**Student:** 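First the structure, which I've put down as structure tokens, then a few questions once you've had a look.
What you see is a predicted model, and the numbers here were worked out from it, not measured in a lab. Sequential numbering from 1 along the given sequence is applied to the chain's residues.
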Amino acid sequence: MYLENRSLWLDPAMLAINVVNKDACELLGRLDMNQAAPAGFLLLSKAVGSIFDYTEYSLYLAPCLFGIGALFLFIRLAIAVLGPMRAPLAYLPMATCSTAIFYCGEFKPQSADLFFSVLTLLVGHAVVKRNWAPSAIAAFAAVGVVGIWFSFGVFFVIAGTGIALVLLALTSARYRPALRMTVAFAVVMLHFVIFYLLHIRPSIGPDLYTANTAAFAPVVAADTGQLWWWILAVTGYFEYPLGFQGFFVVSLVGCIIGVVLCAANKEYSAVAAVVGAPMLLVFVASGLGLYPIATGVHEVKSRFVLFTVPIALLFIAIGVSRLCEWLGGKKILVSLVFALFLIPSFYGAWSGPVFQGQEMRPLTQFLERHIQPGDTVYVFHAAIPAFRFYTRHNHIEAVFGRPPRRQSAELAEDLRRVRNADRLWVVVSHAYGGERRVLRTALRRMGKIEKTHRYPGAVLFECSLGN
């Protein structure tokens, strides 16, 4: 995904424009175009991008490194929790997770969510295994303080793991370690409160909150609609972000077995507390309308819960390994379970992320070479962020399209604002639901489409209106 060097599209282009145009202090406040991202991620992107003139490779570098780092950390975590023989059942699906792969080549902070989620779980597990050693507790506190700067979602992992560690220390009568853990956890939470008040809360506008209200989990499944929401959310979760595309029965059964085992078996009680508590906090926060849960459809929709993937894969690996133990020496059945478990994930990685295209970079480069004085440029509303980013050095005057309020037919009326032009260029991307057809029909009524320049996910209409 990184080497593919995809063009920036809608949301990533909006975020990139903020990084390019704002200084370091301004990035700590509210961003333009309804965007929000952790301060550390923005400042790191600003530092790296400014060195390399904000090329795509420079903007994708941090997400790529965070994603690769998350995989190697998760291998260590899986071996520590499951042992070397069973660990591949967790880290192989992680290595082939299409959503994680996608965000290695996307200018968004979701791979940082994944990295700090795994790192927090790893140091939390180390605290238990090292009997609440002061150095392990200090490492947890350090990761908690730094992680919040780079990831919003990691708060749930830090908070859930921290609460579990404090309770485990208290229930095992380790009062001095419990005191140390409580103090460390309190420091992390105090830092989060200050960070939330000074950065997170001011940076998230009401429009961003409103845009995600449909992804808040229903608190009580009291009617058919709410129950159906949960069914779609759970089944969608196994396809995106977990990546078990097409067939997830074995992984779903394994997850159920793993959760039951962790809840009922003392062997897994510490793991269940440290690993499972963050997932519980996510559900509570979503039920309270504080955090969206969006799954299924494609990689982009599931980005808010990507940081929970390591947690789910650990539970699934525990369940699948126990299922194979129950099958005993029946090698054919065990092989079938392995195949039905791993092949869907491998297929998801092999087929690649489905949300590709929107190649605005070559389109704008062609336009810059061929536009003539007196030409008019109309930019479809969804193409505006990428158009602005790619024409920041060679500014092109353009008429920016307005999004339709209710129906795509309004696009034709908006396009008539340029009917007095002699030669017109129309830049289009993210045109769905027949919008491209509506634009093409309107242009033919206004004049003649001389040429249609096609790019993956984008199109440039070259028109003469004959005025």
**Student:** Indicate whether the side chain of S302 and that of T295 have a donor and an acceptor atom separated by less than 3.5 Å.
**Tutor:**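 Side-chain D/A pair, S302 to T295: absent.
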
**Student:** Which pair of non-hydrogen atoms, one from T161 and one from V157, has the smallest distance, and what is that distance?
**Tutor:**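 It is OG1-O, 2.7 Å.
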
**Student:** Which heavy atom in V250 sits nearest to a heavy atom in V320, and how many Å separate them?
**Tutor:** O-CG2, 4.3 Å

**Student:** Students often mix this up, so state it plainly: with edges at 30° and 60°, are the rings of Y347 and W350 parallel, tilted or perpendicular?
**Tutor:**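 Geometry flag for W350 against Y347: tilted rings.
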
**Student:** Could you tell me if Q358 and S7 have a donor-acceptor pair between their side chains, going purely by distance under 3.5 Å?
**Tutor:** no

**Student:** Are any non-hydrogen side-chain atoms of R388 and I384 less than 4.5 angstrom apart?
**Tutor:**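 They are in contact (side-chain heavy atoms under 4.5 Å apart), so the answer is yes.
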
**Student:** Tell me whether E239 contacts the main-chain N or O of G236 through its side chain, where contact means a donor paired with an acceptor under 3.5 Å.
**Tutor:**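 Such a contact is absent between E239 side chain and G236 backbone.
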
**Student:** Where do M94 and P310 come nearest, in terms of heavy atoms and distance?
**Tutor:**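 Here M94 and P310 meet closest at CE-CG, 3.9 Å.
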
**Student:** So, R303 side chain and V300 main chain: donor-acceptor pair closer than 3.5 Å or not?
**Tutor:** yes

**Student:** Does some side-chain heavy atom of F307 sit less than 4.5 Å from a side-chain heavy atom of T120?
**Tutor:**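 When only atoms from C-beta onward are counted, F307 and T120 do not touch, as no gap falls below 4.5 Å.
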
**Student:** Report the residue from L114, L314, L121, L122 that forms a side chain to side chain contact (heavy atoms under 4.5 Å, CB included) with F74.
**Tutor:**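 Filter result, single survivor: L314.
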
**Student:** Side chains of F102 and R6: does their closest heavy-atom pair fall under 4.5 Å?
**Tutor:** yes

**Student:** Does the distance from a Lys or Arg side-chain N to an Asp or Glu carboxylate O, for K22 and D32, drop under 4.0 Å?
**Tutor:**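 Yes.
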
**Student:** What do the steps show when you test Y291 against F156 for ring pair (Phe, Tyr, Trp, His ring centres under 6.0 Å), and what is the final call?
**Tutor:** CA-CA 10 Å; Y291 194 81; F156 297 105; 4.9 Å; yes

**Student:** Test side chain to side chain contact (heavy atoms under 4.5 Å, CB included) on I257 and I316; report intermediate values, then the result.
**Tutor:** CA-CA 8 Å; I257 295 174; I316 292 171; over 6 Å; no

**Student:** Kindly check if the number of other-residue, nucleotide or ligand heavy atoms within 6.0 Å of NZ (K301) is above 12?
**Tutor:** no

**Student:** Would you indicate whether the side-chain heavy atoms of F41 and F107 approach each other to under 4.5 Å?
**Tutor:** yes

**Student:** Could you check whether the rings of F192 and F155 sit parallel, tilted or perpendicular, using 30° and 60° as the cut-offs?
**Tutor:** parallel

**Student:** Is a side-chain donor-acceptor pair under 3.5 Å present for Y237 with T308?
**Tutor:**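 Result is yes, a qualifying pair exists.
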
**Student:** Identify the heavy atoms of E106 and P12 that sit nearest to each other, and give their distance.
**Tutor:**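 For E106 and P12, the tightest heavy-atom pair comes out as OE2-CG, 3.2 Å.
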
**Student:** Parallel, tilted or perpendicular: which one describes the rings of F116 and F150, with boundaries at 30° and 60°?
**Tutor:**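 Rings of F116 and F150: parallel, as their planes differ by under 30°.
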
**Student:** Please name the pair of heavy atoms, one in A70 and one in V118, separated by the smallest distance, quoted to 0.1 Å.
**Tutor:** O-CG1, 4.0 Å

**Student:** Please check if the number of heavy atoms outside I332 that lie under 6.0 Å from its CD1 is greater than 12.
**Tutor:**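 Atom CD1 in I332 is not packed in, count stays at 12 or less.
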
**Student:** Taking CZ in R76 as the centre, count heavy atoms belonging to other residues, nucleotides or ligands within less than 6.0 Å. Is the count above 12?
**Tutor:**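 Count not over threshold, so no.
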
**Student:** Taking T96 for its side chain and L92 for its backbone only, find out whether a donor-acceptor pair lies under 3.5 Å.
**Tutor:** yes

**Student:** More than 12 non-hydrogen atoms from neighbouring residues, nucleotides or ligands closer than 6.0 Å to OH on Y57, yes or no?
**Tutor:** yes

**Student:** Please check this pair: side chain of R201 against backbone of Y196, looking for a donor-acceptor N/O pair closer than 3.5 Å.
**Tutor:**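 No: the side chain of R201 does not pair with the backbone of Y196.
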
**Student:** Taking atom CH2 as the centre, does W149 end up with more than 12 heavy-atom neighbours from other residues, nucleotides or ligands that are less than 6.0 angstrom away?
**Tutor:** no

**Student:** With side chains defined as the heavy atoms from C-beta onward, is the minimum distance between R180 and F185 less than 4.5 Å?
**Tutor:**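 A side-chain contact is absent here, since even the closest heavy-atom pair is not under 4.5 Å.
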
**Student:** Can you check whether F66 reaches P109 side chain to side chain, under 4.5 Å on heavy atoms?
**Tutor:** no

**Student:** Measure the CZ-CD1 distance between F346 and I343 for me, rounded to the nearest 0.5 Å.
**Tutor:**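 F346 CZ to I343 CD1: 8.5 Å, rounded to 0.5 Å.
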
**Student:** Are Y60 and V48 close enough that some pair of their side-chain heavy atoms sits under 4.5 Å apart?
**Tutor:** no

**Student:** Compute both the distance and the angle, then confirm whether R402 meets the cation-pi test with F400: under 6.0 Å from the six-membered ring centre, within 45 degrees of the axis.
**Tutor:** no

**Student:** L306 versus Y103: any side-chain heavy-atom pair under 4.5 Å?
**Tutor:** yes

**Student:** Would you name the heavy atoms of M360 and A458 that are closest together and state the gap between them?
**Tutor:** SD-CB, 4.2 Å

**Student:** Could you walk me through whether E435 and F380 pass side chain to side chain contact (heavy atoms under 4.5 Å, CB included), step by step?
**Tutor:** CA-CA 10 Å; E435 293 172 324; F380 181 68; 3.5 Å; yes

